[in-house]
Amino acid sequence: MSNVRVRFAPSPTGGLHLGGVRTVLYNYLFARQHAGTFVLRIEDTDQTRFVEGAEQYIFDCLKWCGLEPDESIQKPGEYGPYRQSERKEIYRKYAEELVAKGYAYYAFDTPEELEKMRVDFKTESNPSPQYDNKIRLKMKNSLTLPKNETESLLSMGTRHVIRIKMPEQENISFTDMIHGDVSFDSSVVDDKVLLKADGMPTYHLAVVVDDALMKITHAFRGEEWLSSAPVHILLWKYLFGLDKMPQWAHLPLIMGPSGKLSKRDGAKYGFPVFAMNWTDPRNNEFTEGFKEKGFLPEAFINMLAVLGWNDGTEQEIYTLDEMIKKFSMDRVHKAGAKFDYEKAKWFNHEWIKKLDVKNYKLKVEENLTAAGITINDDAQFEKILELVKDRCTLLTDFVQQASFFFSTPAQLDVDAVKAKWNDEKKNFFIAYTEKLQFISNWSLITVETVFKELAAEKNIKPGELQLPLRIMLVGGKFGPPVFQIAELIGKDETIQRIENAIKKF
RNA sequence: GCCGCGUUGGUCAAGGGGUUAAGACGCCUCCCUUUCACGGAGGAAUCACGGGUUCGAAUCCCGUACGUGGUACCA
């Protein structure tokens, strides 16, 4: 029995992108590997950024990826609630405790005053002044106000926040599972707001309180959080004790063509960044996801796993179980990685080839149906998928690669044939259809044998005739071996397609 | 600006004092295939730069440059 507890704590403000899913994956792998618990906590403390449906969307994405949490709002354990907005009262208590201990203070500065401060103290050498140990004594807070005035402001219900009082000069360091020893000088860290004027905690307070209360043992998050780690470490020290603090791992960032990949990037690079389709309810902006783009979840998480991690061998294709066995945080790369869509597609292609078609035929059928094709014979369908899967990089490619098995190609690549078309060939095909009529045991072999014998008889190279036949049956220069296709579409359909095509050449 | 983190081919990356500096994606050539793919064989990096340390450095140390993240009552 392990007591490892990890957590993924997204804020439900939009689509779930690559980096988020990878963070989930690493959490999940670590939890499974240590027979631990994977918790999903919703960080919805910013009420101004609430987005309808975003929470459910996150669950849907995790379900699709096969990375479902052990504890969450949908599956409560003993550490709920799992939604921070429902834990509001808890945080105030800890914030007050910090004030009482002298580690934090009340600040009454209005947004306008803060803005004024930033303008007034802005210099060339300090373009973005912080609310820190150097200026907090020039602001309106319980450090600068007489005690009784602070009390009266408080009792009057004056809007205020609680800020951490960063030590003047203290070296704050910790050992990160990926980066090793990291240290900061407290004098350059600002007095972060812990409790907002609306009574909600900021991420800084909430993450520490919740990790402590939810008994999190290992905390994994993106590297963008590294800079605020000193605040969190101090909070742990003041509130719960450093010995209880989880081990941190700051994951390298996944970069897009221009910097950190973010939710706002949507699909503007020509490839998806979200796990699944997402429509922003605020502006109806639609963003295509990896799922709908035609990715297999197996490929998606595989690709994500090795974007920043490898096991030291040459293996690249991993099942979830293999990843659980082999994953280790100390083999996670330190530097950020630029996402390569071409490689992502390669992973998908590999998984399409590797997996039995039963694993994805439903999804393909869905695509085919949307294209107006109805599947009647399931066994035949599977046979077809098996035949064309090597040619499909995305699940959506099956539409192009398999449609002609079910319906006569709408368009024929006439140009591919026309240049070398002549009466001799035309006569060959007319004769061929006549012979096909008499085949009783319709199969790849018989169809091909008749074809070759007739070609020999007419003294035409079979190779000269194969492309035309392909165009007749498929419509274009692609697909499995022609006779295989003829076998599958059947006698009548084969003959009919040849006859129809002849008229068009 | 300040602080943190990072830096091996176009991209993902192995390698952590002595190697011909793995492998994969993509690209190119060829083979297979009288379609397209699959598959197979090849081609293209001296490890950001400058100093050290050492018999010896991609590997250790220090600078510089560059990249990236943070610098919000957002997460």
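Every chain is numbered from 1 and lettered A, B, ... according to where its sequence line falls, protein lines coming before strand lines.
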### Message
What contact category does A:Lys345 fall into here, base, sugar-phosphate, or nothing, at under 4.0 angstrom with non-hydrogen atoms?
### Response
nothing
#### Entry: Residue matched to B:U64 through Watson-Crick or wobble contacts both under 3.5 angstrom
B:A48
### Task
Scan A:Pro462 against the nucleic acid and name what it touches under 4.0 Å (heavy atoms): base, sugar-phosphate only, or nothing.
base
### Message
Measuring centre to centre across the rings, with the benzene-like ring taken for any Trp, is A:Phe505 within less than 6.0 Å of A:Phe429?
### Response
no
### Message
So, under a plain 3.5 Å distance rule, would you say the side chain of A:Ser227 forms a donor-acceptor pair with the base of B:G69?
### Response
yes
### Query
Counting any heavy atom closer than 4.0 Å, what does A:Ser228 reach on the DNA or RNA strands: base, sugar-phosphate only, or nothing?
nothing
### Query
Are any of the side-chain heavy atoms of A:Trp236 and A:Asp211 separated by less than 4.5 Å?
yes
### Message
Considering every strand and a 4.0 Å limit on heavy-atom distances, what is the contact class for A:Ala337: base, sugar-phosphate, or nothing?
### Response
sugar-phosphate
### Message
Measuring centre to centre across the rings, with the benzene-like ring taken for any Trp, is A:Phe327 within less than 6.0 Å of A:Tyr26?
### Response
yes
### Pairing nucleotide - B:U71, Watson-Crick or G-U, each distance under 3.5 Å
B:G1
### Task
Give a yes/no answer on whether the side chain of A:His349 brings an N or O atom under 4.0 Å of OP1 or OP2 in B:C25.
no
## Note on the structure
Re B:U19: Watson-Crick or G-U wobble partner, both distances kept under 3.5 Å, found to be none
### Task
Using a 4.0 Å heavy-atom cut-off across all strands, classify A:Val182 as base, sugar-phosphate, or nothing.
sugar-phosphate
### Task
For A:Arg118, report the nucleic acid contact type (base, sugar-phosphate, nothing); a contact means any heavy atom under 4.0 Å.
sugar-phosphate
### salt_bridge(A:Glu386, A:Lys389) N-O dist < 4.0 Å
yes
### Task
Rounded off to whole Å, could you give me the NZ-to-P distance for the A:Lys134 and B:C3 pair?
11 Å
### Task
Tell me what A:Asp109 touches on the nucleic acid: a base, only sugar-phosphate, or nothing, going by heavy atoms under 4.0 Å.
base
### Query
Across the strands shown, which category fits A:Pro481 at heavy-atom distances under 4.0 angstrom: base, sugar-phosphate, nothing?
base
### Message
So A:Pro252, base contact, sugar-phosphate only, or nothing? Heavy-atom distance under 4.0 Å.
### Response
nothing
### Query
What does A:Val388 touch in the nucleic acid at a heavy-atom separation under 4.0 angstrom: a base, only the sugar-phosphate, or nothing?
nothing
### Query
Under 3.5 Å, is there an N or O donor on one side and an acceptor on the other linking the side chain of A:Lys343 and the base of B:A24?
yes
#### Entry: B:A14 - base-pair partner by Watson-Crick or wobble geometry, distances under 3.5 Å
none
